[in-house]
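Heavy atoms only: backbone and side chains are in, while hydrogens, waters and symmetry mates are out. As the structure lists them, so they are numbered: ligands from 1, and atoms in each ligand from 1.
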Amino acid sequence: MSLDFNSPAFEVIRNEKKCIQCKVCVRQCSNKVHSYDDEDNVICSDDIKCVNCHRCVVLCPTRALVIKKYPLEFRENANWTGAVLDEIYKQSQTGGVLLSSMGNPKSFPIYWDKMLLNASQVTNPSIDPLREPMETKVMIGRKPEKLGFDAKGKLLTKMPPQVELSVPIMFSAMSYGSISRNAHESLAKAATELGICYNTGEGGLNRDFYKYGKNTIVQVASGRFGVHKEYLNAGAAIEIKIGQGAKPGIGGHLPGRKVGEDVSATRMIPVGSDAISPAPHHDIYSIEDLRQLIFSLKEATNYGKPVFVKIAAVHNSAAIASGIVRAGADAIVIDGFRGGTGAAPTRVRDNVGIPIELALAAIDQRLREEEIRNEVSLIIAGSIRNSADVVKAVALGADAVYIGSAAVAALGCHLCRSCSTGKCNWGIATQEPELVKRLNPDIMYKRLVNLISAWNHEIQELLGGMGINAIDSLRGNRLMLRGIDLNEKELGILGIKYAGE
Ligand code: SF4
Ligand code: SF4
């Protein structure tokens, strides 16, 4: 037997004066941190099991609980930090690859916070969104080079298929299996009420959710789980997933314990079997192969659905994007290295990929230089945190954004980064029936509606402040951005001026 050297990451502090021994924490914690000792009539805590999901803290009726970082100090060493040593202890104990959830937590620069937006003063006056109409609707899809109208102004050009979004925001791909049925339904209901889209992820679409089809992006990933003609025709658009920001270059893995009856039927795999999607699509080794798949999907849907291609933001994304446009995609999705996930190898999550801000600017610039920018919509993902990030993304060239972590935070996620254990106390990243039912989709979807509605108001305020009354007029308008705390190279890639210029 090998010794476990790992110390607890968190300390559970219970204020005995406040605790009324109601045992809510005992019942609520799926990690079994809290227990009741009836001999001594005390509630005890086992710190090592705590993942800091805050469920007990939030639900404790007397606010008796506080969770703190465990105060264990290693001798000061800038190189060999406690976190580095903990990982070594874990791997020398298990011999396995380290797994993590959610996005890259390291302190790489966040370029959204190094870009500032413009506002009108004196000339070109600002617009008051409370009194004047503002347009936040966007159309996602390929645009024709020219539009033809008849004498009465009626559009004559046949438009390629488009997806209409009331706000340039969608919910990121999160598969049924990686998240619970109730979390999935909350996203679907909210997207429908908001007039935007959510994304099936790579897990197929349960038949009970076909009714949300107009607001669903159906994904086709390398594992092809749950992909069939009816599925392709059920959504508003199809997304081919080549890469994911949280784990560029590798596939996915849903452990068999998360594959119950319902997930198995949706994915078309046996109950309890691991769902492993390979790193590459085994039929795609070139842009021509990608084109073949894009057109097979268009053919299967009678050329009635736009086809998106999703890639992770990596070193040569701009050249790859150019190839994707030429392969016939209607939209490109670029997922940055801070994008969340249910489970990824820690080393990959923390060290592979590039920031979405730089990737977006480089791709938009390259497509403009090649005069093919109009042929495709650009959608970005990877840690969009608020409405200002959305507005800055549009100014940098995005048509729309996907949000994942922000959406699950609206459903209660406290970013404990333990999704891979399947024991999410908030009923999101779990398939355990007792945990799933903690999230009531009929109530929780309203939190997503509130979040996007609030962002929509803020987007209108920011646009109005710039004297712009339609989000389409901001797209790629980098003059509305100024950099701060950035070097020449970064300003050059972002294509923006320094504050004061
Ligand atoms: S939930 Fe709060 S009050 Fe209830 S037993 Fe736990 S610590 Fe005590
Ligand atoms: S979804 Fe659940 S398990 Fe995953 S980070 Fe959020 S709270 Fe933790």
Side-chain angles (χ1 to χ4, degrees), residues 9-38 40-47 49-68 99-105 171-187 201 246 254-255 257-258 338-344 346 349 383 385 403-432 434-439 441 444 447-448 451:
F10 303 102
E11 184 184 14
V12 182
I13 303 167
R14 188 184 319 273
N15 185 328
E16 298 298 346
K17 283 193 191 136
K18 288 186 178 176
C19 178
I20 53 171
Q21 299 206 342
C22 67
K23 303 192 193 99
V24 164
C25 51
V26 178
R27 288 192 297 275
Q28 287 289 328
C29 183
S30 62
N31 299 307
K32 308 262 179 276
V33 171
H34 310 277
S35 58
Y36 176 63
D37 179 341
D38 49 3
D40 292 333
N41 188 29
V42 285
I43 310 266
C44 311
S45 309
D46 184 354
D47 291 342
K49 294 178 180 162
C50 180
V51 297
N52 199 13
C53 75
H54 299 170
R55 181 83 182 177
C56 59
V57 175
V58 170
L59 294 188
C60 171
T62 59
R63 300 272 178 256
L65 289 166
V66 173
I67 314 279
K68 290 206 164 157
L99 274 186
S100 311
S101 306
M102 304 310 282
N104 187 328
F171 300 130
S172 292
M174 286 179 261
S175 68
Y176 174 36
S178 76
I179 60 169
S180 67
R181 183 188 172 96
N182 288 1
H184 203 84
E185 183 155 20
S186 305
L187 293 165
L254 184 72
R257 69 185 135 77
K258 280 187 155 184
R338 271 187 235 101
T341 182
T346 310
R349 186 196 66 175
S383 214
R385 305 157 300 167
I403 62 164
S405 301
V408 288
L411 294 176
C413 167
H414 277 56
L415 252 80
C416 68
R417 307 208 294 259
S418 313
C419 319
S420 55
T421 65
K423 292 192 172 300
C424 176
N425 269 314
W426 294 93
I428 302 166
T430 181
Q431 300 303 322
E432 291 187 18
E434 282 309 303
L435 300 176
V436 173
K437 72 180 183 201
R438 290 181 181 179
L439 195 163
M444 296 305 271
R447 294 179 61 87
L448 289 162
L451 179 76

Between [atom1] of [X] and [atom2] of [Y], what distance do you get to the nearest 0.5 Å?
X	Y	atom1	atom2	result
L411	S186	CG	OG	5.0 Å
C53	K423	SG	NZ	12.5 Å
T341	M174	OG1	CE	10.5 Å
S383	I403	OG	CD1	11.0 Å

So which heavy atom in the protein is nearest [atom], and how far is it from that ligand atom?
atom	result
atom 5 (S) of ligand 2	R417 N, 3.2 Å
atom 6 (Fe) of ligand 2	C413 SG, 2.3 Å
atom 4 (Fe) of ligand 2	C419 SG, 2.3 Å
atom 2 (Fe) of ligand 2	C424 SG, 2.3 Å
atom 8 (Fe) of ligand 2	C416 SG, 2.3 Å

**Asked** Where do M102 and V408 land on the side-chain contact (heavy atoms from CB on, under 4.5 Å) test, with the steps shown first?
**Response** CA-CA 10 Å; M102 304 310 282; V408 288; 4.1 Å; yes

**Request:** Go through the steps to decide whether N425 and V51 satisfy the test side-chain contact (heavy atoms from CB on, under 4.5 Å), and finish with yes or no.
**Result:** CA-CA 10 Å; N425 269 314; V51 297; 5.6 Å; no

Checking side-chain polar atoms at under 3.5 Å, does [X] have a donor or acceptor matched by the opposite partner on [Y]?
X	Y	value
S45	R14	yes
N182	H184	no
R417	N52	no

**Complete:** For T62, the atoms of ligand 1 under 4.0 Å from one of its heavy atoms are 3 (S)

**Message:** With heavy-atom distances below 4.0 Å as the criterion, list the atoms of ligand 1 near I20.
**Reply:**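 Per the distance check, 3 (S).
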
**Request:** Side-chain contact test, heavy atoms from C-beta onward, threshold under 4.5 Å: evaluate it for L448 versus L187 and give yes or no.
**Result:**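 Yes, at least one pair of side-chain atoms sits under 4.5 Å.
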
**Message:** Within the 4.5 Å heavy-atom criterion, are Q28 and H34 side-chain neighbours or not?
**Reply:** no

**Message:** With a 4.0 Å cut-off on heavy atoms, is S418 in contact with ligand 2?
**Reply:**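 The answer is yes: ligand 2 sits under 4.0 Å from a heavy atom of S418.
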
**Message:** Between ligand 2 and L415, can you find any atom pair, the residue atom being a heavy atom, that is separated by under 4.0 Å?
**Reply:**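 L415 counts as a contact of ligand 2 under the 4.0 Å cut-off.
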
**Interfacing atoms of ligand 2 (cut-off 4.0 Å, heavy-atom, W426)** =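 Answer, ordered by atom number: 7 (S).
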
**Request:** Under 4.0 Å from a heavy atom of H414: give me the atoms of ligand 2 that qualify, with their elements.
**Result:**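 So the answer, numbered in order with elements, is 7 (S).
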
**Request:** Mind listing the protein N/O/S atoms less than 2.8 Å away from atom 6 (Fe) of ligand 1? Waters don't count.
**Result:**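 The answer is C25 SG.
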
